[in-house]
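In what follows, a structure is listed as structure tokens, so that the remarks can point back to it.
Every value quoted in this text rests on a predicted model; they were computed, and no experiment measured them.
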Amino acid sequence: MITLLIVDDEPIERTALQRMIEEGFDDVEIVGQAANGREAIELAARLKPDVITMDIKMPGIGGLQAIERIRETDKDAAFIVVTAYDTFEFAQQALRMGVRDYLLKPSKTAVVLETIGKVAGDVKASRRERESRTRDKERLRRMLPVVEADIVSQLLFDYAPSVHLNELIALLGEPEIGEGFVLNVLLLEGSAGDDAPAEQEELQGRLAELLEASGVPGWIGRLSGKQLPVVAFKTPGASYRQTAVGLGRRLVQALRRGGGPEPFIGIGGPSAGLNELRRSYHEALLAAVDPSLPARFCLYEDLARLDAPSPGDRMPELEKAVLEDVRRGGWEAATAGAWRLVDLHESSGQPLGIAQQRIFEVLVIVARMLEEMGYEVGKPYYSRLASSFVQLKAETGALLGRMAEATALAAGEPEPGLVASMKKFIKDHASEDLSLERVAAAVDRNPFYVSKLFKSQFGMNYIDYLTECRMEAAKQLMRETDKSLKEITYDVGYRDPNYFSRAFKKIVGHSPTDYRKTLLRPADRNR
């Protein structure tokens with residue numbers, strides 16, 4: 001229903017216009033009449049009409065002045081001016097104010113109805129467009145956390161990030177990305193866990209609000225077990241340390257005020273580019289090894305002050321190398337790296353007990369990282385205090401070997417029918433907003449496990465497989481229907497025809513328009 005306010009200083013004119021409208025339209029409601037500009041301003045503020053017919057020549061506040069005043073508080077109202085003066089100067093002034101149309105006094109009923117009908121139609125179209133934009137904004141608002149989590153997972157955990165990673169980053173509309181670093185938020189008691197999506201969403205929402213309030217751009221990853229990775233970017237004009245310490249302190253305070261798990265945050269060092277964030281993540285894991293620190297957060301660069309005397313400058317790099325080898329599945333290289341760590345402790349004169357504790361801390365971080373990747377390996381324990389460095393190397397190799405066996409078992413041939421079920425679910429729902437979490441829930445598996453399964457079984461990321469399914473569906477629609485490319489874009493699950501076109505060309509090798517030109521239409525085959 002379109003609401004309309006009539007403004008005219010002559011009662012006969014108001015009555016005649018109202019009668020025409022009520023008899024000519026079923027979907028236009030007269031909500032009021034005003035006899036002058038002042039009344040028009042007051043009624044417009046109270047009634048919020050969609051359309052206002054405004055007489056120009058009125059005592060006191062004139063029509064154009066009333067339009068200007070109403071525009072200050074209502075940008076969406078559509079105006080039709082009613083006047084006996086058809087001059088170029090008047091038309092110019094009315095256009096500057098955004099008047100939709102005008103009626104000359106006197107006007108025939110047919111002209112009045114045509115003019116009001118046209119403006120009412122424009123108002124309805126604008127209303128539909130606003131509603132569509134509102135729905136799109138809401139969908140985008142709900143989608144952005146999923147996109148952020150996917151980006152963080154690819155940057156920190158995936159050896160071969162998706163070909164769409166840059167497009168996902170562009171979708172966030174982030175400002176120019178500066179020096180970044182990773183925070184590993186460790187929840188020590190009663191975390192939400194993977195089976196409480198509502199609590200996860202609440203936690204991620206709180207952190208997102210805190211990042212926005214602090215002015216620090218960042219992306220929030222997925223909560224896995226008791227850990228949640230956050231990628232943050234240094235604010236302009238501030239140092240890395242100033243940004244990291246301030247953000248770490250605010251995160252701890254906010255999480256404590258909200259109740260729930262006691263937090264501890266490990267903060268990795270700065271990275272010059274996105275491709276170095278994985279190193280910062282490993283440093284954040286190392287910085288969270290000792291959660292008993294009273295500040296409840298620790299920077300990786302401060303570890304040297306908090307630990308026992310360092311056995312050498314190579315130690316941190318070797319520890320990170322062990323983590324990277326495990327992440328890649330290079331267990332032999334990881335074991336060799338752990339043995340080099342033991343040798344380095346021995347050669348530097350480090351006490352055996354301190355060396356074993358340090359190696360144990362590295363193994364705990366390895367176990368946490370594997371848990372985030374979807375593997376349940378349990379916490380590693382040395383059976384006893386080593387009596388020699390030789391025994392420490394043997395025990396460390398045995399612990400890593402058991403972890404390797406556990407991951408090999410988990411990454412083995414999936415249960416019968418699981419892969420087929422996943423493929424069928426994705427193909428059946430490819431046109432929907434389909435997240436990795438939704439696919440994992442459909443087969444009752446951990447998202448990280450599903451991600452790894454895609455790579456091992458199909459040799460590609462989940463998002464690339466989904467894209468291929470959508471492109472196959474698009475090609476089929478081009479072959480079998482006469483739908484426009486815009487219709488096909490929506491049918492296969494995209495909302496942006498330009499993005500669909502770029503993705504199609506990347507996968508198929510031709511733009512949708514060029515591909516369609518190569519097809520014989522069904523009508524052509526019958527000729």
Side-chain angles (χ1 to χ4, degrees), residues 141 144-149 151-153 155-156 172-192 196 198-271 274 276-277 279-303 305-306 368 372:
R141 185 192 68 78
L144 286 182
V146 178
V147 175
E148 282 190 18
I151 290 172
V152 172
S153 295
L155 290 173
L156 303 187
L172 295 179
E174 289 288 337
E176 183 177 351
I177 295 173
E179 194 174 57
F181 57 95
V182 178
L183 301 92
N184 181 45
V185 181
L186 184 62
L187 305 174
L188 301 177
E189 301 170 5
S191 74
E199 294 182 40
Q200 290 187 42
E201 185 174 343
E202 180 185 354
L203 174 62
Q204 290 172 314
R206 286 165 55 198
L207 293 180
E209 290 175 1
L210 180 65
L211 283 176
E212 183 176 359
S214 64
V216 178
W219 303 325
I220 300 172
R222 295 183 181 90
L223 180 65
S224 177
K226 297 184 178 182
Q227 299 182 89
L228 189 147
V230 177
V231 175
F233 298 99
K234 183 176 70 67
T235 52
S239 66
Y240 150 73
R241 186 173 184 86
Q242 178 184 359
T243 304
V245 170
L247 184 57
R249 184 177 293 117
R250 286 192 291 270
L251 283 174
V252 168
Q253 292 172 350
L255 290 171
R256 278 182 157 176
R257 282 197 302 269
E262 177 71 11
F264 188 87
I265 301 174
I267 305 176
S271 60
L274 296 179
E276 294 184 18
L277 283 173
R279 171 189 54 77
S280 182
Y281 172 64
H282 291 166
E283 293 174 351
L285 289 174
L286 291 169
V289 162
D290 182 9
S292 64
L293 297 175
R296 314 307 304 157
F297 68 90
C298 176
L299 273 65
Y300 176 75
E301 64 181 28
D302 292 340
L303 283 179
R305 307 176 201 172
L306 300 169
R368 286 182 190 167
E372 288 193 350

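Not counting sequence neighbours, F297 has no partner by the ring pair (Phe, Tyr, Trp, His ring centres under 6.0 Å) test. Shown here are the side chain to side chain contact (heavy atoms under 4.5 Å, CB included) partners of T243, two or more places apart in sequence or in another chain: F181, V216, K234, T235, A238. For E209, there are no side chain to side chain contact (heavy atoms under 4.5 Å, CB included) partners, not counting sequence neighbours. Looking at residues two or more places apart in sequence or on another chain, you find no side-chain hydrogen bond (donor to acceptor under 3.5 Å, both in side chains) involving R368. Applying the side chain to side chain contact (heavy atoms under 4.5 Å, CB included) criterion to L277, with sequence neighbours excluded, gives L155, L156, V182, V231, S271, L274.
From R296, atom CZ reaches atom CD of E262 across 4.5 Å, with rounding to the nearest 0.5 Å. With rounding to the nearest 0.5 angstrom, the CZ atom of R250 is 13.0 Å from the CG atom of L207. Rounding to the nearest 0.5 angstrom, the gap separating the OG atom in S239 from the CD atom in E179 is 9.5 Å. Distance check: Y300 OH to E283 CD gives 5.0 Å after rounding to the nearest 0.5 Å. The CZ atom of F233 lies 10.5 Å from the CG atom of L211; values are rounded to the nearest 0.5 Å. The line from CG of L247 to CD of Q242 is 12.0 Å long, rounded to the nearest 0.5 Å.
Closest approach of A287 to G266, counting heavy atoms only: CB-CA, 3.8 Å. Nearest heavy-atom pair, P270 versus R279, reported as atom, atom and distance to 0.1 Å: O-NH2, 2.8 Å. In plain terms, the two heavy atoms of E301 and Y240 that are nearest each other are OE1-CE2, 3.6 Å.
The side-chain heavy atoms of C298 and F264, taken from C-beta on, include a pair separated by under 4.5 Å.
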Quiz prompt | Worked check of side-chain contact (heavy atoms from CB on, under 4.5 Å) between V230 and I265 | solution = CA-CA 10 Å; V230 177; I265 301 174; over 6 Å; no
Quiz item: Between I220 and V152, is a side-chain contact (heavy atoms from CB on, under 4.5 Å) present by the stated rule, with each step listed?
Solution: CA-CA 7 Å; I220 300 172; V152 172; over 6 Å; no
Practice problem: Start with the C-alpha distance between V185 and L255, add both sets of side-chain angles, then the distance that settles side-chain contact (heavy atoms from CB on, under 4.5 Å), and finish with yes or no. | Solution: CA-CA 10 Å; V185 181; L255 290 171; 3.9 Å; yes
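More than 12 heavy atoms of other residues, nucleotides or ligands sit less than 6.0 Å from atom CD of Q253.
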